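For reference, the structure discussed in these notes is given below.
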Amino acid sequence: CEEWIDELRLVHSWFEKGYINQDAATTTVAFEAAFRAGDNFAAMMYWMPNSPKAFGGQEMVYAPLDEHVAFSGATGGVNWAIPINSEDPEKAMQLLDYLYGSSEIMQLLNWGEEGIDWDYVDKENNVINYPEGVTEETATYHYATSWAIPNQFICSVWEGVADPDVAEQMAEFNASGLRSKAFGFAFDPTGYENLMTALNNVKDKYYTSLATGAVDPDEYIPLFAEELEKNGIRELCEAKQAQFDAWLAENGAKE
C-alpha cells in the first residue's frame, strides 16, 4: 500500500543520512549487544509495560510510532497448549493448571532460586535483585523472559527493569489494544505450502533490504511486486480471503 511505501521512503532517507547502520540488512548483532557496545543510540522494537528501562546499562526512553493494536500473531507466538496427539490430555491439563497457578514455579523458571539467583529488595512490593556478591556476569541462572512462561503476572519484578505494578499495567495494556475484526483468524496453509515457500523466498530476497532502508523503494518495490505476482501472490490472497470470509461468517464478528 502507499502508506507502507511512504514509510520505506522515510527509512531509506534515514539510511542515506547515516542514521541507520550501513550493514543493517546483513548484520547478525542484536540491538541489545549493540547498546552494550555503545554502537547504537536507538532501535525499533515492540513496546509493552514490561519492556526494559535500560539496555546494556543505558537508560531507555520509548517513543510510540503507531497506535497500540492487538493482532492475531501476537497471541500465537508463545503457546502453552495441549497437542492434538497428546497421549494423556487430562494429565497435560493438570500440569498446565499447576504451571499457571504456581507463583513458586513461575519464579523458579524466570528468576531461579531465592538466595542463589535472586533476593528480595522490597518484599512488600515483590521487587527483587541479585543477591549480594552476584552480578549479571556471575549469575548462574537468569531467564528474565517472563512473557514466554505460562503466567508472567505472578512473577516478581526485577529492580530497575519494570515498575512494581507492572502486572496491573500489562493487564490494562492487553485489554486496551485496538482489535480488528480479523483478530483470532488463522490461515490454514494446507495445499498452499509450495506456493508459500516460493513467496517467502521472494520476500527474503527483498524485504530486509527495503525495511532497513538499504535500497531505494521506488526502484525495488516494482521488482518486488513483479516477482510476487509471478509466484502466485494473488492466488494466495484469494485463498486467505475465502477462508477469512468463512471464518467471519461463522464467528459473527462485528464492525
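Please read all numbers here as calculations on a predicted model, not as lab measurements.
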Under a 4.5 Å cut-off applied to non-hydrogen side-chain atoms, are [X] and [Y] in contact?
{"X": "Phe224", "Y": "Lys205", "result": "no"}
{"X": "Tyr130", "Y": "Asp119", "result": "no"}
{"X": "Ser13", "Y": "Tyr19", "result": "no"}
{"X": "Ile5", "Y": "Ile221", "result": "yes"}
{"X": "Asn151", "Y": "Leu99", "result": "no"}
{"X": "Asp165", "Y": "Gln169", "result": "yes"}
{"X": "Trp118", "Y": "Asn129", "result": "no"}
{"X": "Ile233", "Y": "Leu199", "result": "yes"}

Considering non-hydrogen atoms only, spot the tightest contact between [X] and [Y] and give its length.
{"X": "Ala198", "Y": "Asn231", "value": "CB-OD1, 3.8 Å"}
{"X": "Met170", "Y": "Pro49", "value": "SD-CD, 3.4 Å"}
{"X": "Leu248", "Y": "Lys181", "value": "CD1-O, 3.9 Å"}
{"X": "Ala25", "Y": "Thr212", "value": "CB-OG1, 3.6 Å"}
{"X": "Lys240", "Y": "Phe187", "value": "CG-CD1, 3.5 Å"}
{"X": "Cys155", "Y": "Trp111", "value": "CB-NE1, 4.2 Å"}

Gap separating the CD atom of Glu114 from the OG atom of Ser156, nearest 0.5 angstrom: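 Nearest 0.5 Å value for the CD-OG distance: 8.5 Å.
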
Spacing of Leu95 atom CG and Glu90 atom CD [to the nearest 0.5 Å]: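 With rounding to 0.5 Å, CG (Leu95) is 14.0 Å from CD (Glu90).
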
Can you confirm whether more than 12 heavy atoms, excluding those of [X], are under 6.0 Å from its [atom1] atom?
{"X": "Tyr220", "atom1": "OH", "result": "no"}
{"X": "Glu193", "atom1": "CD", "result": "yes"}
{"X": "Tyr141", "atom1": "OH", "result": "yes"}
{"X": "Glu229", "atom1": "CD", "result": "yes"}
{"X": "Glu168", "atom1": "CD", "result": "yes"}
{"X": "Phe153", "atom1": "CZ", "result": "yes"}
{"X": "Asp188", "atom1": "CG", "result": "yes"}

Intermediate values then yes/no, side chain to side chain contact (heavy atoms under 4.5 Å, CB included), Tyr100 and Ile154: CA-CA 9 Å; Tyr100 274 92; Ile154 54 177; over 6 Å; no

Would a distance-only check, ignoring hydrogens and angles, find a side-chain to backbone donor-acceptor pair under 3.5 Å from [X] to [Y]?
{"X": "Gln22", "Y": "Ile20", "result": "yes"}
{"X": "Ser209", "Y": "Tyr206", "result": "no"}
{"X": "Thr27", "Y": "Ala24", "result": "no"}
{"X": "Asp23", "Y": "Thr26", "result": "no"}
{"X": "Ser86", "Y": "Pro83", "result": "no"}
{"X": "Thr138", "Y": "Val134", "result": "no"}

Flag for Asp117-Thr140: side-chain donor and acceptor within less than 3.5 Å: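 Present: a donor and an acceptor within the cut-off.
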
Go through the side-chain N and O atoms of Asn110 and Ser146 and say whether any donor and acceptor fall under 3.5 Å apart.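 Looking only at side-chain atoms, Ser146 and Asn110 do not form any donor-acceptor pair under 3.5 Å.
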
Measure up the His12 and Phe15 rings against each other and bin them: parallel (under 30°), tilted (30 to 60°), perpendicular (over 60°).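 If you compare the ring of His12 with that of Phe15, the planes turn out parallel.
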
Should the ring pair Phe244 and Trp247 be called parallel, tilted or perpendicular, given that the plane angle runs from 0 to 90° and is split at 30 and 60?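 Phe244 vs Trp247 ring planes: parallel.
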
Between Glu227 and Lys203, does at least one N-O distance fall below 4.0 Å, as a salt bridge requires?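 No, this pair does not count.
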
Charged N to carboxylate O under 4.0 angstrom, Glu238 versus Arg234?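 Result for this pair is no, no salt bridge flagged.
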
If you group Ile, Leu, Val, Met, Phe, Trp and Tyr whenever their side-chain heavy atoms sit less than 4.5 Å apart, what else falls in with Val127?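 Val127 clusters with Val121.
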
Could you go step by step and tell me if Asn40 and Asn21 meet the side chain to side chain contact (heavy atoms under 4.5 Å, CB included) rule? CA-CA 9 Å; Asn40 273 24; Asn21 294 341; 3.5 Å; yes

Candidate pair His142 and Trp158, rule ring-ring contact (aromatic ring centres under 6.0 Å, His included), full reasoning: CA-CA 11 Å; His142 190 76; Trp158 199 263; 4.5 Å; yes

Do the side chains of [X] and [Y] join up, straight or via other hydrophobic residues, at under 4.5 Å, putting them in one cluster?
{"X": "Val11", "Y": "Phe31", "answer": "no"}
{"X": "Leu108", "Y": "Ile128", "answer": "no"}
{"X": "Ile105", "Y": "Ile149", "answer": "yes"}
{"X": "Tyr62", "Y": "Val166", "answer": "yes"}
{"X": "Leu10", "Y": "Leu65", "answer": "yes"}

What's the verdict on side chain to side chain contact (heavy atoms under 4.5 Å, CB included) for Gln243 and Phe185, showing C-alpha distance, side-chain angles and the deciding distance? CA-CA 9 Å; Gln243 288 189 22; Phe185 168 71; 4.0 Å; yes

Under 6.0 Å between the ring centres of Trp47 and His68?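 Here the rings of His68 and Trp47 have centres that are no less than 6.0 Å from each other.
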
Tell me, with the steps shown, if Trp80 and Leu96 meet side chain to side chain contact (heavy atoms under 4.5 Å, CB included). CA-CA 8 Å; Trp80 292 87; Leu96 287 177; 4.1 Å; yes

